[in-house]
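We're numbering straight along the sequence, starting at 1. Both backbone and side-chain heavy atoms feed into the values below; hydrogens, waters and symmetry mates do not.
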Amino acid sequence: MEKTDVVLIGAGIMSATLGTLLRQLQPDWTISVFERLDAAAAESSDPWNNAGTGHSALCELNYSPQNADGSVDIGKAVDINERFQVSRQFWAAAVDTGVLDDPAGFINPIPHVSFVHGADNVDYLRKRYEALAPHPLFRGMEYIDSPDEFAARLPLMAKGRDFADPIALNWTDGGTDIDFGALTKQLLAYLGRSGGEIAFGTEVRDLDKQSDGSWNVTVRNLRTYRSRTLNAKFVFVGAGGGALPLLQKSGIAEAKGFGGFPISGQFLRSTNPELIAAHEAKVYGKAAVGAPPMSVPHLDTRVINGRKGLLFGPYAGWTPKFLKDGSNADLFKSIKANNIASLVGVGLTEMGLTKYLVEELLKSQNGKIGVLEEFLPRAQGRDWELITAGQRVQVIRRKGAGGVLEFGTAVISAEDGSIAGLLGASPGASTCVTAMLDVMQRCFPREYAEWTPQLEELIPSLGKKLSENQALFQEVWDWTNKSLKLDESSNAAARPGVESLAQV
């Protein structure tokens, strides 16, 4: 039987990140990547299947909620920003060492902007600014409530707007747009060049734990229908929506009680080059009252393959599939005796989500344009096309006799560290390095201690809080800006070779 040290299931950003880390830290280990589709990053990591926001809580209002007493809680925002800084450092080190090519291929500078209207929301945004702006990780944030300044910064959003309704912005120039598909492909190319096996069109069919703690992994080539079995010392399930069924198939106790609720996403994509050229920011609003966090509307400048585009969304859809290229039986196959109580519990308590999904499914094309008009008062349907984005599986975790729905990511690992997997969604890809370091600490505790000095060279803030060390933050911020070439221009459109997607 073939033997390998590491099997990575799924060719998305998580597997690519973990594989790259392990190759740099343990170059003598053999690594095999299996992907059921015929390309890397074809599901959630595909640039059109996500908003590409480098989630650092600069603009996402759901990470800085308002408390009952009117104050703003910035704890989650700081935590997410800290984790994103870890990703930036790893990517910068990878550019410096030649692991990654020209960073403009996957990361570009874009202002991150929070947008609200209405007196109560304006009051909240000012309080958010007052809480975040003094913080080292959020320095440079601006508060804007002048209609003239609004129009100067966001001319497309100002056109036709009635400024009798108060508006406000939190504006940060230090944001980024990330093509996680391009990043994934660069990381996997490095892994392949350094001797890793990367097999596309190959589906993992079975996971069988052996008495010595290793795993027999049975895979099937979907073109030839030939199967093979490898014996692996460690397995990582980074298969996005396909992770839960595989973790269930593994039989590990830690996966019991977990369920998944699939939600598909749609975006409006602009087809008008004039609109695309007139907007240069990622602008996030507030979710409607009672709507889930993942419904936060945003108008996004994107840079994909060197071309600038414009997206608005998300609009929720629903299918029982766990993957965009999945099966309508996915949800039903995931229901087990050990998680049915969790699923039923969520069904009884998340009526707001049910109401939101029903309303979204009933929304017509004109209704979708109506939502866009909050951002673009003069929006015209002829300038936009509806695209289906990625499929997300929200985590349902056991809680008491029932379950709770979580909008985030969760690492699941066996007690002996022989297998691990990642469930959930946003902020997901933006914090992929922190998530994979978590996997490594859990599953390779002895080796991790030996790896730490080398990891500290790649990630100077490892084990430290940048929020508590302003000098270190300044040092790594300047370094990552330089290595990732984010300080060469103030916006993506000014970078050489960036053109409109609508021109293609």
Side-chain angles (χ1 to χ4, degrees), residues 1-10 12-34 79 82-83 85-87 89-91 93-94 97 99 187-188 190-191 194-198 204 207-217 229-239 243 246-247 250-256 258 409-423 431-466:
M1 181 182 298
E2 297 179 66
K3 290 186 178 293
T4 187
D5 292 304
V6 175
V7 162
L8 305 174
I9 303 175
I13 186 62
M14 295 298 174
S15 290
T17 299
L18 181 58
T20 300
L21 281 164
L22 291 176
R23 170 61 75 230
Q24 292 180 292
L25 297 166
Q26 206 70 46
D28 58 322
W29 285 6
T30 51
I31 300 175
S32 298
V33 182
F34 297 107
D79 176 62
E82 288 268 13
R83 288 190 274 162
Q85 301 306 325
V86 170
S87 294
Q89 291 170 70
F90 175 66
W91 299 334
T97 58
V99 170
L187 292 172
L188 288 175
Y190 160 76
L191 192 57
S194 60
E197 175 192 13
I198 303 174
V204 174
L207 296 167
D208 187 19
K209 183 74 173 287
Q210 303 301 295
S211 58
D212 63 355
S214 64
W215 291 85
N216 282 352
V217 183
T229 300
L230 299 87
N231 179 259
K233 295 177 182 176
F234 171 72
V235 175
F236 173 69
V237 186
L246 285 169
L247 287 168
S250 74
I252 61 173
E254 291 77 8
K256 297 185 186 304
F258 277 90
T409 52
V411 173
I412 298 176
S413 59
E415 184 178 5
D416 65 358
S418 63
I419 187 171
L422 193 75
L423 303 178
T431 58
C432 58
V433 178
T434 303
M436 295 304 96
L437 290 174
D438 184 13
V439 168
M440 290 161 60
Q441 283 183 287
R442 293 182 186 210
C443 299
F444 305 102
R446 180 179 60 80
E447 292 90 347
Y448 192 87
E450 298 172 357
W451 294 335
T452 297
Q454 188 173 348
L455 284 170
E456 289 173 342
E457 293 180 10
L458 300 173
I459 306 164
S461 74
L462 188 72
K464 304 179 180 70
K465 291 283 189 183
L466 289 173

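Residue Thr409 holds its OG1 atom at 5.5 Å from CG of Leu422, rounded to the nearest 0.5 Å. In this structure, CD on Glu450 lies 7.5 Å from CD on Gln26, to the nearest 0.5 angstrom. Of the inter-residue distances, the one linking Leu455 atom CG with Leu437 atom CG reads 6.0 Å to the nearest 0.5 angstrom. Here the SG-CG distance, from Cys432 to Leu187, works out to 8.0 Å after rounding to the nearest 0.5 Å. Summarising the geometry, atom CG belonging to Asn216 is positioned 4.0 Å from atom CE belonging to Met1; distances are rounded to the nearest 0.5 Å. Atom-to-atom distance recorded for Leu423:CG and Phe258:CZ is 6.5 Å, nearest 0.5 angstrom.
Of the N and O atoms on the side chains of Ser461 and Gln89, at least one donor lies less than 3.5 Å from an acceptor on the other residue.
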- [ ] Starting from the C-alpha separation in whole Å, work towards a yes-or-no answer on side-chain hydrogen bond (donor to acceptor under 3.5 Å, both in side chains) for Asn231 and Ser214.
- [x] CA-CA 7 Å; Asn231 179 259; Ser214 64; 2.9 Å; yes

Verdict with reasoning, Tyr448 to Leu25, per side chain to side chain contact (heavy atoms under 4.5 Å, CB included): CA-CA 9 Å; Tyr448 192 87; Leu25 297 166; over 6 Å; no

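Distance alone, capped at 3.5 Å, places no donor-acceptor pair between the Arg442 side chain and the Ala420 backbone.
Among all heavy-atom pairs drawn from Leu247 and Ala255, the shortest one is O-CB, 3.9 Å. Between Thr30 and Lys3, the shortest heavy-atom distance links the atoms OG1-O, 4.4 Å. Between Trp215 and Ile419, the closest heavy-atom pair is CZ2-CG2, 3.6 Å. For the residue pair Met436 and Leu21, the shortest heavy atom distance occurs at CB-CD1, 4.1 Å. Residues Arg23 and Ser194 approach most closely at NE-OG, 3.0 Å, considering heavy atoms. Shortest non-hydrogen contact noted between Ile31 and Thr4 is N-OG1, 3.9 Å.
The pair Asp438-Arg83 does not meet the salt-bridge criterion, since no charged nitrogen lies less than 4.0 angstrom from a carboxylate oxygen.
For the pair Ile9/Leu207, a side-chain contact is recorded, criterion being any heavy-atom separation below 4.5 Å from C-beta on. Annotation: side chain of Gln24 is in contact with side chain of Thr97 (closest heavy-atom distance under 4.5 Å). Put simply, the side chain of Leu462 does not reach to within 4.5 Å of the side chain of Phe90, judged on heavy atoms. The shortest side-chain heavy-atom distance between Ile252 and Glu415 does not fall under the 4.5 Å cut-off. Between Asp416 and Lys209, the closest side-chain pair of non-hydrogen atoms falls below 4.5 Å.
Checking each of Cys443, Ser413, Ser15 against Phe236 for a side-chain contact (heavy atoms from CB on, under 4.5 Å) leaves exactly one that passes, namely Ser15.
Relative ring orientation between Trp29 and Phe444 is described as tilted, the plane-to-plane angle lying within the 30° to 60° band.
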